[in-house]
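Heads up: the structure comes next, in structure tokens.
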Amino acid sequence: MLQTPRGTADLLPADQAYWSYVTAHFQSICEAFGYGEIRTPVFEDTRLFQRTVGEGTDIVEKEMYTFSDRGGDSLTLRPEGTAPVVRAYLEHGMHRLPQPVKLSYIASIFRYDRPQAGRLRQHHQFGVEALGEEAATIDAEIISLLLTLYRSVGLTGISLQLNNIGDAACRPQYIEDLTAYYRSHVHALCDNCQARLERNPLRLLDCKEDSCQPFIQEAPHTLDNLCADCDAHFSTLKRSLDAMEIEYTLNHTLVRGLDYYTRTVFEVWPEAVGRQSALGGGGRYDGLARHIGKRDVPGIGFGTGIERIILNLQRQGVAPDERQPFSVYIATLGERAGTYGIGLTNDLRQRGIRALLTYKQRSLKAQLRQAGNQAADCAVIVGDDELAQGQVLLRDLKSSTQENVAATDLVQALERLRAGEQDPQ
RNA sequence: GUGGCUGUAGCUCAACAGGUUAGAGCUCUGGACUGUGGCUCCAGCGGUUGGGGGUUCGAGUCCCCUCAGCCACCCCA
């Protein structure tokens, strides 16, 4: 038996309620915040991610789905959402639009990783990017948008982790200080950290080994080593968050796994204990556009995992309300009635009424049972007798009452039933 | 990529310490009720016990390999 590739999942009609629920909330919130939807290809030139995400990162080093196509080009399935959007911004000259350009997306993301609940090789993210604005107030807007999404779908107990990792002016000096500090303790570090020291010093602060914790505490922190501009930027962000009554936890070990981040970085963690998988995260990336084009474009955004949102909703017992549309089941008896039924069904559908029917001759009992299974609101019963008299039986399945209706009046009678269904007294 | 746990009908689960033909509930289909759903009763459909190999007279059960899911790491969404 063949099955879905490891770490991928089918999305069945039964799962759809949650997906449309969270998607609808995301879309209406983006509308309220003024973000317009963008779609980019599922695969891109491999260099896009190598240059932006960074050669030393886990994503580029071991998680990308990279392949060459029949023409020999190296392509990569999108492992994150930001770089493609920035690429599109530059490619379409959006720097000539009124700034900032505020974009949102819903995208499949691919990362080769060991699967687990809430961690798939193909997963889906909502994301938002604001390009062309360096002021920290827009950082606060982005964070607010993300938290508004969580709150509106009903997630509780989440926490915002916040940090600032400096910019091109102050980070080089900071990295030097950090590296110097760690070099003096190099023999006490775990193997992983010894490697990080060479390849990606910022990640030293992210180590989970108990033996490395004291060094993380003692090491210089980015927040204490910001240049004046970064410091002012961070102050504005904090003031803005306060003004929106958004609570946050300063987390100096939050450094993020992608190279392109500058200044503001944040993650949102769910309620459950332990080092849980983040619901969403993001940050500022003022140096990113340079790696793609010839232009500097400040930007900030986030990505949040749709599967993880849904997983946490289910754990919290939040269920989306499933409102089924008004529907009619056409039950027919006899061949002539069956032919009439397919015509009638099609006619109702053209009028926007959800109509279901039986596809083969079967007992009326079986047909009504199916009508019940499919949660039809009412059934139209038509046999050869009714047909001869130009009448049909209209049965209300909720109240179990039925009446004879002239075939020509059926649509009107259904519309009346539907209206009553949609706003009950 | 590392370590561990778990895989039996579509779903939830049974099957003494290896022992006839792997069972039940739910779902679905049909009947009781030749043209009236839900309730009840009856019946039917549905399995290479994840897959492959081995041990044994005999394997769902024990061993090995493999695949998948899950948990903890790693990392992130």
Side-chain angles (χ1 to χ4, degrees), chain A residues 1-9 12 14 53 57-63 78-82 106-127 146 150 161 190-193 195-196 200 203 206-210 254-258 265-270 273-282 301-312 329 331-334 337 358 360-387 393-402:
Chain A
M1 177 67 187
L2 295 172
Q3 44 193 288
T4 58
R6 185 171 200 200
T8 65
L12 305 176
V53 174
T57 60
D58 282 357
I59 290 180
V60 171
E61 225 167 53
K62 51 186 194 193
E63 294 178 357
R78 172 176 51 212
E80 64 99 32
T82 299
I106 303 172
S108 289
I109 303 287
F110 303 84
R111 286 185 207 167
Y112 187 89
D113 202 345
R114 185 114 170 216
Q116 223 168 295
R119 193 171 80 183
L120 292 163
R121 289 180 173 181
Q122 179 187 192
H123 73 274
H124 300 81
Q125 290 185 14
F126 295 134
L146 181 59
Y150 297 142
Q161 305 289 312
C190 69
D191 293 349
N192 215 331
C193 279
R196 287 182 175 120
N200 202 340
R203 297 216 69 85
D206 210 20
C207 186
K208 307 296 192 296
E209 287 289 335
D210 286 344
L254 183 66
V255 297
R256 309 280 299 158
L258 294 79
V265 292
F266 57 91
E267 283 181 10
V268 179
W269 296 349
V273 276
R275 303 184 198 90
Q276 274 297 315
S277 309
L279 273 168
F302 69 72
T304 179
I306 302 178
E307 285 87 349
R308 286 186 181 180
I309 293 174
I310 292 173
L311 186 66
N312 280 278
Y329 190 94
T332 58
L333 289 158
T358 184
K360 63 183 176 203
Q361 297 283 325
R362 58 206 307 214
S363 70
L364 182 57
K365 179 187 177 65
Q367 294 186 59
L368 287 178
R369 183 171 53 231
Q370 194 154 57
N373 285 347
Q374 300 185 39
D377 296 282
C378 59
V380 170
I381 302 168
V382 41
D384 290 341
D385 297 350
E386 285 82 6
L387 209 53
L393 261 177
L394 178 54
R395 180 177 179 81
D396 186 327
L397 293 171
K398 296 286 157 65
S399 63
S400 296
T401 57
Q402 59 188 34

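Throughout, protein chains are lettered first and strands after them, A, B, ... in sequence-line order, and every chain is numbered starting at 1. Please read these numbers as outputs of a predicted model, since none were measured by experiment. The analysis underlying the following values was restricted to heavy atoms, covering all of them including side chains, and did not include hydrogens, waters or symmetry mates.
Put simply, the side chain of Gln367(A) gets close to the backbone of Arg362(A): a donor and an acceptor are under 3.5 Å apart. Not one N or O on the side chain of Thr4(A) forms a donor-acceptor pair closer than 3.5 Å with the backbone of Ala9(A).
In this model, the phosphate group of U29(B) is approached by a side-chain N or O of Arg369(A) to a distance below 4.0 Å at OP1 or OP2. The phosphate of G35(B) (OP1 or OP2) has no side-chain N or O of Gln367(A) nearer than 4.0 angstrom. Close to C76(B), at under 4.0 Å from its OP1 or OP2, lies no side-chain N or O of Arg256(A). Proximity of Asn373(A) to the phosphate of C28(B): a side-chain N or O atom is located under 4.0 Å from OP1 or OP2.
Using a 4.0 Å heavy-atom distance criterion, Ile59(A) is classed as making no nucleic acid contact. Backbone-only engagement by Arg6(A) is indicated by non-hydrogen atom pairs under 4.0 Å involving sugar-phosphate atoms exclusively. Across all strands, Asp385(A) comes closer than 4.0 Å to base atoms (heavy-atom distances). Here Ile381(A) lies in heavy-atom contact (under 4.0 Å) with a base. At the heavy-atom level, Glu61(A) lies nowhere under 4.0 Å from the strands shown. Nucleic acid contact for Ala379(A): none, since no nucleic acid atom lies under 4.0 Å from a heavy atom of the residue. Using a 4.0 Å heavy-atom criterion, one finds that Gly7(A) contacts the sugar-phosphate atoms exclusively. Using a 4.0 Å heavy-atom distance criterion, Ser400(A) is classed as a base contact. Within the 4.0 angstrom heavy-atom criterion, no nucleotide atom of any strand lies near Ile109(A).
Rounded to the nearest Å, the gap between the C1' atom of C76(B) and that of G18(B) is 46 Å.
The existence of a salt bridge linking Arg256(A) and Glu267(A) is confirmed by a sub-4.0 Å separation between a basic side-chain nitrogen and an acidic carboxylate oxygen. Under the 4.0 Å criterion applied to side-chain N and carboxylate O atoms, Arg119(A) and Asp113(A) are assigned as salt-bridge partners.
For G37(B), the base has no donor-acceptor partner in the side chain of Gln374(A) [N/O atoms by modelled type, under 3.5 angstrom]. For C76(B), its base sits under 3.5 Å from the side chain of Arg308(A) at one donor and acceptor pair at least.
Protein atom CD of Gln116(A) is 11 Å distant from nucleotide atom C1' of C75(B), rounded to whole Å. In this structure, the CZ atom of Phe110(A) is 16 Å from the P atom of A77(B), given to the nearest Å. Atom pair Asn192(A):CG and C74(B):C1' shows a separation of 8 Å (rounding to whole Å applied).
For the pair Thr8(A) and Tyr112(A), nearest-nucleotide mapping onto RNA chain B gives the more 5' position to Tyr112(A).
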